[in-house]
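The next block holds one structure in the form of structure tokens; read it before the comments.
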Amino acid sequence: MSADDATDADETTDTARDDSPHILSERAGDRGEPDPDEERGGDGGERFRAFWADVVADEIEARDPDEPIVIKGGVSPSGVAHLGNFNEIMRGYFVAAVLRDRGHEVQQVFTSDDKDPLRKIPRKLANADGEIVGLGEVDAGALGRNLGKPYTAIPDPFGERESYAAHFAALLKADADRLSIPVEMVSNTELYADGDFDEVTRTVLSDLDGVREVLSQYQDKVDGDYVPFNPVCAECGKITETVTSVDPDSETVEYVCTDMEVGDESIDGCGHEGTATFREGKLPWRLEWPGQWDVLGVDFEPFGKDHAEGSWPSGVDIARNVFGAEPPVPMVYEWFTLNGEPLSSSAGNIVTVPELLELLEPAVLRYFFALHPKKARDLDIERLDQLVDRFDRFERAYFGEVDDEELTAFAERAYPFVVGRADDPPTEKPVRLPYTFAAVLGMVDDPAFREQLARDEEHIPADASAATVDAALARVEKARNWAERTGNEYDYRLQTDLPDADFDESVAAALDDLADFVAAGHDGEAIQSAMYETAREHDVEVSDFFAAGYRLFFDDTQGPRLGEFLGELEREYVVARLRREA
């Protein structure tokens, strides 16, 4: 949902407060994720649901909507299409999937508010593959020369699509396809051009006094001269906010192309005086958002908590008292943070869907969004292993392998949607390598050796099919990418061949003794402790002994916690390498 033109109100009316989407949180119990199915006492027998999307679906069904049921999200294409922009697509997806599972026809749409003007030049962009690039790698002038113009009127700085807006929308659609989310991208520019907004615009401009009265409760500078319509200047192509007269019968406005204030900056207008039709301009966002509900017949829309007060109440008021329509069922979701900080394109604290899918299976990313949307969460790339571990436990709970009643109830309902198989729920648990073990295997280049190590640790069953093995080992490359991206303790490469290294007699003897200790069958923690003892017994500096081990296995002077790492490897291989046998 775009908020380029929105200003939050300090207070809301009683009517708006009654429509606060926070009520949905109270209705859902907000007792943490997941909520167990149980009867609520004292309020008419309303049930708690194990999966939050069922709570929303209940409320949508209670309105007895026409079909297809329309679920919407939206964004202004102002910068990199990052994971934060994907919030509404994912929240909407789970509700749509639940409704489809209940037998409803559902249409999920995502509006690109692309008739909005470009107000400032983004610091970074994303190319067609979703890779983040700096402005030095594109035609940044295509943006700088077009400040104030609609996104659909600005050339694609990558020179691939018909406009910057089309480039941005294509990125989001590609991300949805990567996660198998059936969403229809809708262009606001096209809605205006096709006449879909004609009736909405006519309603607004035919009752300016009534619209001004409603708007004055939510935004400043609504006086007797304010006209809520922004024509596109026929001379310079920029959006202007100065309308001098309105003719609802001819569906035209007179305008002057004046300067546009953007924070402390100003985008120059050209001074042209002209006439624009209702299709040659746009409504301000505060009217356009509820206008979309009316035009598209929206039944449900999720949005971030920043719009819960001010933006949503004004939308409800406008929908009912300007357009004479009921607003959709709302749901406020909590923004998540990235690496402990807010998502910010300007600060560079963003991550894209393609970037994450280099590190995670799609199901793990969908699982992240399946968690309770009203709980603040941090997506910490450094500790991505914890998210994967939680997903793996969630998956095991679905297959009845976890003694946790609430988690099992959540998994039994949500897991088929997370893996995209609501119409064919899985009956056989996939083979999953623990993520950090997969990162260990990522230190090994030889695929056969990876498989052998995984089998030795009994992470792959002896009777696993070739397809099962391939699917399990696919996680290795993702964990390896994670190690490389974060530079963590797994970002090393195990040497296939014995490195060329000479050691003095005391170090060589210590290595031989350590080989005997490993051969006796001790685990990684014991091997780690034994390295200290063995070094002291042979009067070798501990740092020198570890350096010798790193040289043998990584041809380097440092690496992961060596003893624990060696405990993960095939014993015969470790013993042979410690004895310097090729």
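Since the structure is predicted, the reported quantities are computational estimates derived from the model, not experimental observations.
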| said: Set out, in order, the CA-CA distance, both residues' side-chain angles and the distance that settles side-chain hydrogen bond (donor to acceptor under 3.5 Å, both in side chains) for Tyr398 and Glu412, then state yes or no. | reply: CA-CA 5 Å; Tyr398 172 77; Glu412 286 177 346; over 6 Å; no
| task | Start with the C-alpha distance between Tyr151 and Ser76, add both sets of side-chain angles, then the distance that settles side-chain contact (heavy atoms from CB on, under 4.5 Å), and finish with yes or no. | result | CA-CA 9 Å; Tyr151 290 106; Ser76 183; 3.5 Å; yes
| Step-by-step side-chain contact (heavy atoms from CB on, under 4.5 Å) determination, Leu357 to Leu179 | CA-CA 9 Å; Leu357 292 182; Leu179 292 174; 4.1 Å; yes
| Could you go step by step and tell me if Ile318 and Phe323 meet the side-chain contact (heavy atoms from CB on, under 4.5 Å) rule? | CA-CA 7 Å; Ile318 291 165; Phe323 301 134; 3.7 Å; yes
| task | Test Glu358 against Lys478 for salt bridge (charged side-chain N to carboxylate O under 4.0 Å, His left out), laying out the working first. | result | CA-CA 6 Å; Glu358 289 290 316; Lys478 302 209 179 269; over 6 Å; no
| task | Could you go through the salt bridge (charged side-chain N to carboxylate O under 4.0 Å, His left out) check for Glu265 and Arg119 one step at a time? | result | CA-CA 10 Å; Glu265 304 294 327; Arg119 296 172 179 271; over 6 Å; no
| request: Tell me, with the steps shown, if Arg377 and His372 meet side-chain contact (heavy atoms from CB on, under 4.5 Å). | output: CA-CA 10 Å; Arg377 301 185 190 285; His372 200 300; 3.7 Å; yes
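One side chain, Asp114 or Ser187, offers a donor N or O that lies under 3.5 Å from an acceptor on the other. Donor-acceptor pairing under 3.5 Å is recorded for the side chains of Tyr218 and Asp317. Tyr192 and Glu288 form a side-chain donor-acceptor contact under 3.5 Å, judged by distance and modelled atom types alone.
Taking the six-membered ring for Trp and the full ring otherwise, Phe158 and Tyr164 have centroids separated by 6.0 Å or more. A centroid separation of less than 6.0 Å is found between the aromatic rings of Phe394 and Tyr367. Taking the ring centroids of Trp289 and Phe303, they lie under the 6.0 Å cut-off. In this structure, Phe417 has its ring center no closer than 6.0 Å to that of Tyr93.
Looking at Lys149 and Asp116, no side-chain N of the basic residue comes within less than 4.0 Å of a carboxylate O on the acidic one, giving no salt bridge. Electrostatic pairing of Arg100 and Glu105 does not count as a salt bridge here, judged by no charged N lying under 4.0 Å from a carboxylate O. Of the charged side-chain nitrogens involved, none lies within less than 4.0 Å of a carboxylate oxygen, so that Asp299 and Arg63 do not count as a salt-bridged pair. Under 4.0 Å is where a charged nitrogen must lie from a carboxylate oxygen, and between Asp101 and Arg413 at least one such pair does. With respect to Glu61 and Arg102, a salt bridge is recorded, a charged nitrogen being found less than 4.0 Å from a carboxylate O. Between Arg421 and Asp423 no salt bridge is recorded (no basic side-chain N to carboxylate O distance below 4.0 Å). Between Lys375 and Glu334 there is no salt bridge, since none of the side-chain N atoms of the basic residue sits less than 4.0 Å from a carboxylate O of the acidic one. With respect to the salt-bridge test (charged N to carboxylate O, under 4.0 angstrom), the residues Asp177 and Lys173 qualify. Ion pairing between a basic and an acidic side chain is recognised when a charged N comes within 4.0 Å of a carboxylate O; Glu88 and Arg91 show no such pairing.
Atom-to-atom distance recorded for Met185:CE and Leu172:CG is 5.0 Å, nearest 0.5 angstrom. Of the inter-residue distances, the one linking Leu143 atom CG with Leu118 atom CG reads 6.0 Å to the nearest 0.5 angstrom. To the nearest 0.5 angstrom, Thr486 atom OG1 is 10.5 Å from Asn481 atom CG. Remark: Arg202 CZ to Glu199 CD distance equals 4.5 Å, nearest 0.5 Å.
Partner of Phe94 under the ring-ring contact (aromatic ring centres under 6.0 Å, His included) criterion, chosen from Phe51, Phe369, Phe368: Phe51.
Between Gly130 and Thr352, the shortest heavy-atom distance links the atoms O-OG1, 3.3 Å. In this structure, Pro228 and Leu283 approach most closely via the heavy-atom pair O-CD2, 3.5 Å. Annotation for Asp294 and Ala325: closest pair OD1-CB, 4.2 Å, computed over non-hydrogen atoms. Minimum heavy-atom separation, Pro284 to Tyr226: CG-OH, 3.6 Å. Nearest heavy-atom pair across Pro342 and Asn349 is O-ND2, 3.0 Å. Counting all heavy atoms, side chain and backbone alike, Ile239 lies closest to Lys282 at CD1-CD, 4.3 Å.
No donor-acceptor pair closer than 3.5 Å links the side chain of Ser206 to the backbone N or O of Thr203. Between the side chain of Thr337 and the backbone N or O of Leu379, no donor-acceptor pair lies under 3.5 Å. With Asn127 contributing its side chain and Asp129 its backbone, the two residues share a donor-acceptor pair below 3.5 Å. No side-chain donor-acceptor contact under 3.5 Å links Trp312 to the backbone of Pro330. When atom types are taken as modelled, the side chain of Asp385 and the backbone of Tyr435 share no donor-acceptor pair closer than 3.5 angstrom. The closest donor-acceptor contact from the side chain of His82 to the backbone of Gly84 lies under 3.5 Å. When atom types are taken as modelled, the side chain of Asp380 and the backbone of Leu338 share no donor-acceptor pair closer than 3.5 angstrom. No side-chain donor-acceptor contact under 3.5 Å links Arg475 to the backbone of Arg432. One N or O on the side chain of Asp378 and one on the backbone of Asn339 form a donor-acceptor pair closer than 3.5 Å.
Residue Asp66 qualifies as open at atom CG: its count of foreign heavy atoms under 6.0 Å is 12 or below. Within 6.0 Å of atom CD in Glu67, more than 12 heavy atoms from other residues, nucleotides or ligands are found, so the atom counts as buried in its surroundings. Heavy atoms from other residues, nucleotides or ligands lying under 6.0 Å from CZ of Arg161 number 12 at most. No more than 12 heavy atoms of other residues, nucleotides or ligands sit less than 6.0 Å from atom CG of Asp403.
Looking at Val95 and Gln108, their side chains never come closer than 4.5 Å, going by heavy atoms from C-beta outward. Between Glu477 and Trp482 there is no side-chain heavy-atom pair separated by less than 4.5 Å. Between Phe197 and Gln292, some side-chain heavy-atom pair lies under the 4.5 Å cut-off. Between Val186 and Ser112, the closest side-chain pair of non-hydrogen atoms is not below 4.5 Å. When side chains are defined from C-beta on, Val232 does not count as touching Glu280, because their heavy atoms never get closer than 4.5 Å. Side-chain contact between Phe399 and Pro426 is present, with heavy atoms from C-beta onward closer than 4.5 Å. Proximity of Leu83 to Val353: side-chain heavy atoms (C-beta onward) are separated by under 4.5 Å at one or more points. Taking the side chain as every heavy atom from C-beta outward, Lys429 and Glu401 approach each other to under 4.5 Å.
Under the 6.0 Å distance and 45° angle rule, Lys72 does not count as a cation-pi partner of Phe110.
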